[in-house]
Each structure stands twice: as C-alpha cells, then as structure tokens.
Asks: 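Let me begin by handing over the structure; questions about it come next.
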There are 2 protein chains.
Amino acid sequence: MDTAYLSAERRDMQDYGPFIRFPSPSPPAPVTCKMAAAGACSVPDLCRHARRSEQQPFPTGAINRRAVRRGQALYRAGDPLVNLYQLYAGSMKLRITNSAGTEQIASFPMAGSLLGLDGIETGHHMCDAVALEDSLVCVLPFSDVLACSRTDTEAALQLNRAIAHETSHYRRLLMVMANMSSEERIANFILTMSERMATNGYSPQEFVLKMTREDIARHLGMKIETVSRALGRLQSAHIVDVSRRRLCIRDPKALSQMGSSR
Amino acid sequence: MDTAYLSAERRDMQDYGPFIRFPSPSPPAPVTCKMAAAGACSVPDLCRHARRSEQQPFPTGAINRRAVRRGQALYRAGDPLVNLYQLYAGSMKLRITNSAGTEQIASFPMAGSLLGLDGIETGHHMCDAVALEDSLVCVLPFSDVLACSRTDTEAALQLNRAIAHETSHYRRLLMVMANMSSEERIANFILTMSERMATNGYSPQEFVLKMTREDIARHLGMKIETVSRALGRLQSAHIVDVSRRRLCIRDPKALSQMGSSR
DNA sequence: CGGGACATTGATTAAGATCAATTTAAGTGG
DNA sequence: CCACTTAAATTGATCTTAATCAATGTCCCG
C-alpha cells in the first residue's frame, strides 16, 4: 500500500508514543500542543487560556494531559463537571444509560473532539466517556474555560459553538434513525467515519473500526445481528470489504448514494 | 369540569389576548414581561439585558414582541441568525429538512421555550420554526445576547445551559427512537406533552395537541398510520381518550409505565 | 492449546410500512 | 345556513424488514 496516509498504528506511534506509556503513575511531560499548531483544535482560544491557568503545574504554554486506558472511563454519568477535555489521541464512546439500564451510544469521539460538554446543562455529566483504545486527552479545567469566556469574546463564541455543534450531531443522528433502513444507516455510519478519518489525516478508504458491533448497534438503534447482516450485504455488493474491525471502502460512490440522506 | 386549570382557549384569551390581534400591522404595545415575573423565563438575565438594548424602540423594561400566524415561519433554515426568541404564547414546530427533502420534526416548542439556538453553530439557522397556532414571541437580538453574556457571567452561563439543554432534548429523543416500540413512543410523547402542559399551568390530564398526526409521526420516526393505530390501542386499553386533537389521559399510571424509558 | 469475547449465519416471528379505501371534520362560497 | 370541497384521520389487508431465538465460527490472549 503506497498511499500518503499513515497507518493508524504508525501514526499513533510516531506522534503520540511518548505520552501513551501505560501504566505510568507519573504525569506526562509538558509539551506544546501539536494539535493547536496544526490548526486541528476546535477551541484553540479556550485551550490557550487554560494553559495559562494558575492551577496547573506546568510552565506557561505547557499542556495538562491525562491518559485513559482502553475500557476505562474518562468520566461517568453523575460525576460533577470539573473539566472539559480535548481528545488528543485515541478514540472513545459516549454512553448514555437510562433509568431502566438501557444503553445508547451517543457518539464516538476521536482525535480533535471536545469532551465533557454533556455536563454543562446541569453541572453533572449525563454520559459515560469510555475509551475504545488507550487514549490521551488534554485537560481544560472548566473554571478556566469559564474565566476565559469572560475575558475573551472569541473564546466564549467558540464554547457556544462547540456546545451547539453537539446539538447538530444529534440532529443528524436523529434524521438517520428516523428515516433510514438498517443498511442505509450502516452505509451512512461508514461514510461519516471515513470523512472523520480523512479529517484526522488517515486514509478515508481503509481504516479500523475501534468499536464493537454491539457499540455500532447501540449507536444506530439496531441489533447486533442486523449490523452484521447489513455489513455482509455491503460486502456482497462489493461496496466495502470488511473483515472483523478492518474496513475498506471499495465503491465510495455507491456507498455515498446509499448512505446519504434519504 | 371543575378543575383548577384553565382551558387552553380561555387562558389564551385572558393572558395574551391583547397581543394576538391578527393581522395587525402595527407593533404590539410595550409591556413588562409576565413570563419573567412568573419565573417562567429560562433566560431572565439575557432577556432583561435585551430589553435594555439601544436598538429596540421601547422604553427600558419594555419587551420587543412579534406575532406569528398559524402556519407562518418565524425563521427558516438558511436564514442568518439575527435574533433568539422566547416563545411567549402559542406553539411551534422545529422542522429539519435534509438535502433529499425528507422532513423531521425536531421539537415542539411551547410557551417558555427559547427559539433560534439552531443558528448558533454556523451563524445560520438549521431549521424552520413554524407556528402551529397563532403565536407570540419575545425578540432577543442575538448581538444583545452576546453583549449581555460578555458583561454578565450569570447570563453567559444561562446561554450555555440553554444550548446544552437542546442537546439533552435530542439525546432523550434519540433514546426513544432507538429503544422503544411505536406504542411506547406515543405513550412517551403524550407523557412529555402532559408534563410540559403542567409546567405551563394547564391541565396535565386533558389538553389539545396542536400538531397533526403527520407532525407527530415525523417527530417520532414513524408513519402516520402507525401513530393512529398506536393511539387507537391506547384508547382501547382505556389509557387515554383521544378524539381528533383533543386528548384526555385516563390512566396516568399505565401510561407512565408504558412510556417510561425501556 | 484452550477459553472467552466477539462476530457471523440461519430459521422463524413479529412489528411496522405500504397500499388502498373510507370516514370525519372544518372551512368556503353561494 | 347548507351543499361542496378539501385536509386530516382512521381502518383494513398485505408485504417487508428487522427482531428474536439458536447455533456455529473465528480470533485474540493468556
């Protein structure tokens, strides 16, 4: 494979390797933010401010990081909102559990996603944020974020937009659930993942789904068997090649036609 | 019927009558906000500030109102975000239309709802806000809202929370769509409406659904016939009495059991 | 090499969509 | 005020899709 894209594994290694050393009890070393430097940070002004915070132990310009191991929760529903987090490397799932114990996967944050906004309405988180793989987040103390919003108009707007962005994610997902067949949902899901992979500098053609079929099913409001069969049908139609978690898009056009809003 | 609740019709008359005079081309007279006085305003600080705005023609403390006739749009998808609106009387539907023309009803704002937040992410509205009946909104120029957020920490927080509240509405709806049968969805919908009616001072037992079956169907991701049949089944089970738009809850307990998160 | 989580596949059932026909209510204009 | 028109809602018959139930297969990790 001679693409310009890095494989998921290699990219993680070279970019973030030093910070994903488990299980190291010592905090990661201070660094400047590569994500901000690359313009990939959705809230650069918030972040910049947070880095200036009195509370955090690193010198100005350093970043307060936290590592989360695969399967571990960054925060849980009910936890008081203390920090927002910028996902720096890895991927997670946001899980809602209702009073009856039914689980719903609200989203699959990946590098660049802002996490923790589900705590803003009530001051307590509404979801569990669980790592799908060993991950690294950039910690933005919420008090700093607020202080920053107070002094910096642009930062305040960024925060508003970030919250509103979540809303629009759910709106989109709602359309998918309300109007699409299981096969179309899966096609749409793959398309969305593909676009997000591209945004993050990976190949949009070929990538690894970090979540289980169960997670996908709970995300899209279907059963695991249906997910499996839908993938099977896409495979038979030579639209994708899927083997376990590894996915390759063979016919982007057909996929797009099938997965685009009905 | 000797309840302490007002019928929808009478309440509209006595509380808001003077302001719903259609089709009056002259702006409604300045008044102080009864909603704020009653503590029913979700963004009192934002509103208070907006009322102080230089731009609006009324003396300090007055409210800038706008009437919207049944079927008319307060704003449309694509319109630039100019104002937020507090719904003062009446009810609306927020309609999303995707590129293929499929419609989805995102929510049914009623008195007390804050409208227009769907414009914050991009600066342009993502939905149409259409009046289900002749309605009255309180206009909050967005520039004023922002100015207010800048100077008033509490107001800024209210804005953030208001946006986040939308998110949580969609999250809830997502759970409903992903996990509930058509009958459970309808039960849940009626319950939600009932609670909202109670919040607004109407009877939670008996009220009028201002939206069509089609609207309900598009809100809950089902077909109109299925809505009708689900209502029919609830009727047969003596859980509700439904005749056209008029709805009466006969067995709140059973309804709650059926409509509460599965 | 074996255990366990994850995934696939098949057979059957059930729920909701679809197609088609009425019924009901609310306006509208003579 | 009443016949006429039309939008909204209901009801029935049939078909399709996805859920359910039940095995079986596969890969990863110790």
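None of the values given here were measured: they were computed from a predicted structure. Numbered from 1 within each chain, the chains take letters A, B, ... in sequence-line order.
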Asks: Output the single nucleotide from C:dT9, D:dT20, D:dC27 whose closest atom is nearest the side chain of A:Lys223.
Replies: D:dT20

Asks: Reckon B:Thr226 has a side-chain N or O less than 4.0 Å from the OP1 or OP2 of C:dG16?
Replies: no

Asks: Want to settle it: does A:Glu225 or A:Glu183 sit nearer the 5' end of DNA chain D, counting the closest nucleotide to each?
Replies: A:Glu183

Asks: Check whether any side-chain N or O of B:Arg213 sits under 3.5 Å from a backbone N or O of B:Arg244 as a donor-acceptor pair, and report yes or no.
Replies: yes

Asks: Taking OP1 and OP2 of D:dA18, is either one under 4.0 Å from a side-chain nitrogen or oxygen of A:Ser182?
Replies: yes

Asks: Go through the side-chain N and O atoms of B:Tyr75 and B:Asn83 and say whether any donor and acceptor fall under 3.5 Å apart.
Replies: no

Asks: For the side chain of B:Arg244, counting heavy atoms from C-beta on, which of C:dA5, C:dA25, D:dT10 is nearest?
Replies: C:dA25

Asks: For A:Asp251 and A:Ile239, indicate whether the former's side chain and the latter's backbone hold a donor-acceptor pair under 3.5 Å.
Replies: no

Asks: With a 4.0 Å cut-off on N to O distance, would you call A:Arg229 and A:Glu225 a salt bridge?
Replies: no

Asks: With a 4.0 Å limit, can you tell me whether B:Arg213 has a side-chain N or O closer than that to the phosphate oxygens OP1/OP2 of D:dT10?
Replies: yes

Asks: Does B:Arg229 get its side chain close enough to the base of C:dT18, under 3.5 Å, for a donor-acceptor pair?
Replies: yes

Asks: Could you tell me whether A:Arg245 contacts a base, only the sugar-phosphate backbone, or nothing, with contacts defined as non-hydrogen atoms closer than 4.0 Å?
Replies: sugar-phosphate

